[in-house]
Structure formats: C-alpha cells, structure tokens
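Atoms considered below: every heavy atom in the structure, side chains included; atoms not considered: hydrogens, waters and symmetry mates.
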Amino acid sequence: MAKQSIDKATKEMKLDHRFTGLNNLFSYLNDVRGRAEKLQEIYNQLKDREAELVDMGTIYAGTTWKDGKYLYLIYPGKNGEDRQRVYVGSDSDKVAEALAAIERGSQLDKVKSQIKEMENRVHWCGDYIIRANGQIS
C-alpha cells in the first residue's frame, strides 16, 4: 500500500507515488553527463593537437625524386593553374623537414576530420534531446 500523507495547506490526503523508472532515468542522465565530460576532454585534446600541427607547419604536396636523390615537392594546381614543382634538394635536414611537414599535413587532415565528426555527433545528440524535451512539455 502506498504511503499516505496529509498536505498541511489544503488538509487533503496525498499519496506518495513512486515512479521507479525515473530513478533509472536519473542514473542514465548522470552517466551521460560523465560521458559528455570525457568527450569534452577528448575534444580539447584534438583542438590542442590541431593548433600544434598548424604551428609546426604543414605541407600539402606530393613528392618525386630525381635520380633517386633530389627531392621535389609537387603542389596541386589552384584555380585552374598548373601544378607547382619546388626543388628541395638532397640535403638530409631539408628533405627530412619537408617529409615531416607533409606527414603533419596528413595528420592535420585526420584530426580535423575527427573534430568535425565529434561536432556533428554532439549536435545530433543535442538536437535529439531538445526534440524529446519538446515532446515532454
């Protein structure tokens, strides 16, 4: 039998209705909050990595070698212009830096893709929650 109490203001008997499903919902919402905080940490790490890669410098170009020892960078053409070919040479430090900058460009693309995917998923989840809240009101 439900617990009974009397509302002192109205002198009416009130029944204490337990809705156990709400306890489960509150538990789930706490879990979602924890996961959202973890997502915020991951997002911050990705944005920091993005800034780091940009600061280090990136190159978006292909490579070709002349005689197996002279590096050239081949930049894609822009606005209908021909591709640009830039001589790097055979100096090991310059070659290593050019190749590292190309790798950073590839990493930057991946990080930006991960950031965009996370933003899209969070937007979709937020939109779903807002729509569900509108149905409850």
I would like to know whether Glu50 and Leu46 meet side-chain contact (heavy atoms from CB on, under 4.5 Å); could you show each step before the answer? CA-CA 6 Å; Glu50 177 186 34; Leu46 287 170; over 6 Å; no
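- For Lys94 against Asp91, the heavy-atom pair with the smallest separation is N-OD1, 3.0 Å.
- Contact detail for Ile74 and Arg85: the closest heavy-atom pair is CD1-CG, 3.4 Å.
- With sequence neighbours excluded, no residue forms a side chain to side chain donor-acceptor pair (under 3.5 Å) with Asp93.
- With respect to the salt-bridge test (charged N to carboxylate O, under 4.0 angstrom), the residues Arg104 and Glu97 qualify.
- Tyr43 and Ile129 fall into different hydrophobic clusters, where Ile, Leu, Val, Met, Phe, Trp and Tyr are joined by side-chain heavy atoms under 4.5 Å apart, directly or via other members.
- Interatomic distance, His123 NE2 to Asn120 CG, rounded to the nearest 0.5 Å: 8.0 Å.
- Nearest approach of Ala98 to Leu71, heavy atoms of both residues: CB-CD2, 4.1 Å.
- Remark: Met118 CE to Gln40 CD distance equals 9.0 Å, nearest 0.5 Å.
- Around atom OH of Tyr87, more than 12 heavy atoms belonging to other residues, nucleotides or ligands sit under 6.0 Å away.
- At least one side-chain heavy atom of Glu103 sits less than 4.5 Å from a side-chain heavy atom of Gln107.
- For the atom pair Gln45 CD and Gln114 CD, the distance stands at 11.0 Å (nearest 0.5 Å).
- Distance check, rounded to the nearest 0.5 Å: CG of Leu39 to CD of Glu41 gives 9.5 Å.
- Residues Val32 and Tyr28 have side chains in contact (heavy-atom distance under 4.5 Å, counting atoms from C-beta outward).
- Linking ILVMFWY side-chain heavy atoms closer than 4.5 Å, directly or via other members, places Tyr75 and Leu99 in a single hydrophobic cluster.
- Looking at heavy atoms from C-beta onward, Lys112 lies in side-chain contact with Leu108 at the 4.5 angstrom threshold.
- Among pairs with a residue in residues 69-81, none fulfils salt bridge (Lys or Arg N to Asp or Glu O under 4.0 Å), at least two apart in sequence or across chains.
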For residues 51-66, run the donor-acceptor check on the side chains, cut-off 3.5 Å, and write out each pair with its distance to 0.1 Å, sequence neighbours left out.
from: Glu52; atom 1: OE2; to: Arg49; atom 2: NH1; distance (Å): 3.0
from: Tyr60; atom 1: OH; to: Gly105; atom 2: O; distance (Å): 3.3
from: Tyr60; atom 1: OH; to: Asp109; atom 2: OD1; distance (Å): 3.1

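- Under the 4.5 Å side-chain contact rule for hydrophobic residues, Ile115 and Ile42 share a cluster.
- Taking hydrophobic clusters as Ile, Leu, Val, Met, Phe, Trp and Tyr residues chained together by side-chain heavy-atom distances below 4.5 Å, Val95 does not share a cluster with Tyr72.
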